[in-house]
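What follows is a short report on a single structure.
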Amino acid sequence: MNSITLQPKRGMRDFLPNEAKIHLYIIETIKKIVESYGFSPIITPLLESLDLFKRSVGEQSDIVGKEMYAFVDKSGDDVCLRPEGTASVMRAFLNSPLSQTLPARLYYYGPMFRYERPQKGRYRQFDQFGCEFIGTNDPRHDGDMIVMASRILNQLGISYILDINTIGTLQEREHYKKVLVSFLNDHHDALSIQSQQRLQTNPLRILDSKDPKDQLITANAPSILDSLTPETLHFYEEVKNYLKHFNIPFQENSRLVRGLDYYSHTTFEFKTKALGSQDAIIAGGRYDDLSKQMVGKSLPSVGWAVGVDRLSLLCDQSKISPTLSIAILHLNQPWAAYELCENLRDFGVKSLVITHPNLKKGIQLAERSCDYVIVIGDEEIKNQQLTIKNLKNSEQYQTNYCAKDIIQTI
RNA sequence: GCGGGUGUAGCUCAGUUGGUUAGAGCGCAAGAUUGUGGCUCUUGAGGCCGCCGGUUCAAAUCCGGUCACUCGCCCCA
């Protein structure tokens, strides 16, 4: 009989206990921080109508254009696995009574799907944790979101570079596009072939091309800042002032143009040097026009998303505080061992029973999963005394046969 | 989607111009060692050589395809 393939599908992964622990630790850490900023959880479906992302993320964006897990379901509807969270959260928000009380601070977490070529730190199913501050046009809230994100990276022990920019309003951007295209057309033949195509589809993206030829040309390109109104520039200043006030180091990068259509004004990206070309770890910005694209009514908002998998690869694992654990190794005394375990668990201590006739082997087994070992045999039951052994440093302690005393001794 | 690299034991890797039964270290199991592990020694288990096909008397080795990983591009978290 042929056996089935055990490998997961391309870009999909199994998280074995050690990896799963780090993953959950990161989510727990982020959750605590964003809740301390007043954010509440929202859970939305993994499956959405394809139209949602076409309208919000943009039909000509790469995410929608070539990376969607899209298919026709049994009823003939065009559906897809969500490629990102913001559009779903906005949809759920607009569809709910939450939209009656502004502003709203929401966070979400879960798998996203993009059909692209996998690499380290880039998978077809990946977990994102995101925060959305919906219904605010206060630049301090943009700053607040960025400070919150930096707090997360600090907490996890991840060093970063923060790039920020403003891409203004839709009108300002359209104006800048014209200026930029007319400039680039003068250097058309010197551009990379890719950028020549982008001149038609998405000229702003030429600005952050990695091709040296393109970079040489765009170095002298007109800046978007020259196409912005004083109001927009003032807004941008306020965001920067907020970051300076809280001593968040950042660099202005007028080439930071995000790939999703719904962004406006503030954009930012926390980058790392440790993951090769997968350098973005937290990215986001303001999206005042998203709601307009969906329901025709504007609703200023700002948010970001973080790649949990990328944080897993970067985070300082020594920060994960180990849980106290005790192994009960019994010598033909199973009832006593299981009872003592239950008593220890009443105090919230991780404990498990080890059964092995050979004492030495039993202690070796205990060492693999626990910090301490207690041996229970006839003597211990007769004397009502236990020896607790610290498996890390071999120290031993005597204690009464009682869960409370054991915990106090440790 | 485009270009390069890799795939041999649980892990890290050897494996000669194609040539008997594919190896090592670490790890795992048993024993030396029947009430307190980690050292040492002995022994042992564990392999569809990623998968499918081709060439050949003979393939881990050569060829084609495929799957997965990986690096760069694209893009992004």
Side-chain angles (χ1 to χ4, degrees), chain A residues 2-13 16 26 30 57 60-68 83-86 109-130 149 160 192-195 197-198 201-202 205-206 208-211 214 256-260 269-272 275-284 303-314 327 329-333 354 356-368 370 372-380 386-396:
Chain A
N2 289 341
S3 39
I4 60 162
T5 305
L6 299 177
Q7 274 183 337
K9 296 297 289 176
R10 181 172 224 196
M12 307 286 159
R13 292 160 301 150
L16 270 29
I26 286 169
I30 302 173
V57 177
Q60 74 277 36
S61 72
D62 275 25
I63 290 178
V64 171
K66 62 179 207 188
E67 295 173 1
M68 289 288 260
E84 61 108 42
T86 303
Y109 144 71
M112 308 294 162
F113 301 84
R114 290 183 200 169
Y115 194 91
E116 48 188 343
R117 186 135 173 188
Q119 269 178 50
K120 193 182 200 70
R122 188 174 81 182
Y123 311 99
R124 288 184 172 182
Q125 178 183 330
F126 59 101
D127 278 313
Q128 266 189 357
F129 195 114
Y160 61 83
S192 67
I193 292 170
Q194 222 156 30
S195 287
Q197 288 164 352
R198 280 191 283 222
T201 54
N202 197 346
R205 294 222 65 92
I206 298 173
D208 61 357
S209 166
K210 284 176 190 168
D211 191 302
D214 293 344
L256 178 62
V257 183
R258 309 218 28 86
L260 287 68
E269 203 168 281
F270 289 80
K271 296 180 185 177
T272 173
L275 285 180
S277 54
Q278 273 63 54
D279 61 353
I281 45 180
I282 303 183
W304 51 247
V306 52
V308 176
D309 306 291
R310 288 183 185 175
L311 296 187
S312 299
L313 293 167
L314 297 168
L329 171 60
H330 73 84
L331 301 170
N332 206 24
Q333 292 290 351
I354 290 181
H356 201 285
N358 183 322
L359 189 69
K360 296 191 177 189
K361 296 292 174 194
I363 288 173
Q364 278 180 24
L365 283 176
E367 200 266 337
R368 280 180 212 167
C370 292
Y372 293 86
V373 66
I374 292 172
V375 177
I376 296 186
D378 296 338
E379 286 176 30
E380 283 77 10
L386 295 173
T387 303
I388 307 168
K389 176 159 188 158
N390 182 328
L391 290 162
K392 304 286 181 255
N393 61 15
S394 296
E395 284 175 24
Q396 300 198 148

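Computed from heavy atoms alone, side chains included, the values below leave out hydrogens, waters and symmetry copies. In what follows, chains are A, B, ... by sequence order, proteins preceding strands, each numbered from 1.
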Problem - Residue-phosphate contact under 4.0 Å: A:R205 side-chain N/O, B:C76 OP1/OP2 - result: yes

Practice task
Nearest whole angstrom, please: distance from the P of B:C48 to the CG of A:L6.
Solution key: 11 Å

Practice task
Indicate yes or no for a side-chain donor-acceptor contact from A:S312 to the backbone of A:V308 under 3.5 Å, with no hydrogens or angles considered.
Solution key: yes

Problem - Phosphate OP1/OP2 of B:C2: any A:R117 side-chain N/O under 4.0 Å - result: no

Fill in the blank from the handout: Mate of B:G44 across any strand shown (Watson-Crick or G-U wobble, both atom pairs under 3.5 Å) is B:C28

Handout entry: Donor/acceptor link under 3.5 angstrom from A:R122 side chain onto base of B:C74
Key = yes

Completion exercise
Looking only at B:G35, B:G31, B:C73, the nucleotide nearest the A:N358 side chain is B:G31

Exercise for the section: Walk me through it: do A:E116 and A:K66 pass the test side-chain contact (heavy atoms from CB on, under 4.5 Å)? Expected result: CA-CA 8 Å; A:E116 48 188 343; A:K66 62 179 207 188; over 6 Å; no

Handout entry: Integer-rounded Å distance: B:U34 P and A:D378 CG
Key = 18 Å

Exercise for the section: Would you please confirm or rule out a distance under 4.0 Å between OP1 or OP2 of B:C28 and any side-chain N or O of A:R368? Expected result: yes

Problem - Side-chain donor/acceptor of A:R122 to backbone N/O of A:R117, under 3.5 Å - result: yes

Handout entry: Out of B:U33, B:A30, B:C74, whichever nucleotide has its closest atom nearest the side chain of A:K66
Key = B:C74

Practice task
Answer yes or no: does a side-chain N or O of A:T387 lie under 4.0 Å from OP1 or OP2 of B:U36?
Solution key: no

Handout entry: Distance-only donor-acceptor test, A:E116 side-chain atoms vs B:A77 base atoms, 3.5 Å
Key = yes

Exercise for the section: With heavy atoms under 4.0 Å as the rule, sort A:I282 into base, sugar-phosphate or nothing. Expected result: sugar-phosphate

Exercise for the section: Indicate, with a heavy-atom threshold strictly under 4.0 Å, whether A:E84 touches base, sugar-phosphate, or nothing. Expected result: nothing

Practice task
Look at all strands and tell whether A:K120 reaches a base, only sugar-phosphate, or nothing, counting heavy atoms closer than 4.0 Å.
Solution key: sugar-phosphate

Practice task
Examine distances only and state if a side-chain atom of A:R114 and a backbone atom of A:I63 form a donor-acceptor pair shorter than 3.5 Å.
Solution key: no

Handout entry: Presence of A:Q119 side-chain N/O under 4.0 Å of B:G72 phosphate oxygens OP1/OP2
Key = yes

Exercise for the section: Please check if atom CG in A:N332 has more than 12 non-hydrogen atoms from other residues, nucleotides or ligands closer than 6.0 Å. Expected result: no

Exercise for the section: In whole angstrom, give the distance that lies between atom CG of A:N393 and atom C1' of B:U36. Expected result: 14 Å

Completion exercise
Side-chain atoms of A:Q364 come closest, of B:C69, B:C71, B:G37, to B:G37

Exercise for the section: Look at the side chain of A:K389 against the base of B:G37 and say whether a donor-acceptor pair falls under 3.5 Å; ignore hydrogens and angles. Expected result: yes

Exercise for the section: Please measure how far the P atom in B:C62 lies from the corresponding atom in B:A14, and state the result in whole Å. Expected result: 15 Å

Practice task
Check whether any side-chain nitrogen or oxygen of A:R114 sits under 4.0 Å from OP1 or OP2 of B:C74, and answer yes or no.
Solution key: no

Exercise for the section: Just call it for A:G362: base, sugar-phosphate, or nothing, with non-hydrogen atoms closer than 4.0 Å on any strand. Expected result: nothing

Problem - Listed nucleotide nearest any side-chain atom of A:E379, set B:G35, B:C69, B:C75 - result: B:G35

Practice task
Select base, sugar-phosphate, or nothing to describe what A:Y123 touches, counting heavy atoms under 4.0 Å on all strands.
Solution key: base

Practice task
Rounded off to whole Å, could you give me the CG-to-P distance for the A:N332 and B:G35 pair?
Solution key: 15 Å

Exercise for the section: Could you measure between the two P atoms, the one in B:A77 and the one in B:C2, and give it in whole Å? Expected result: 23 Å

Handout entry: Whole angstrom value for the distance that separates P of B:C67 from CE of A:M12
Key = 15 Å

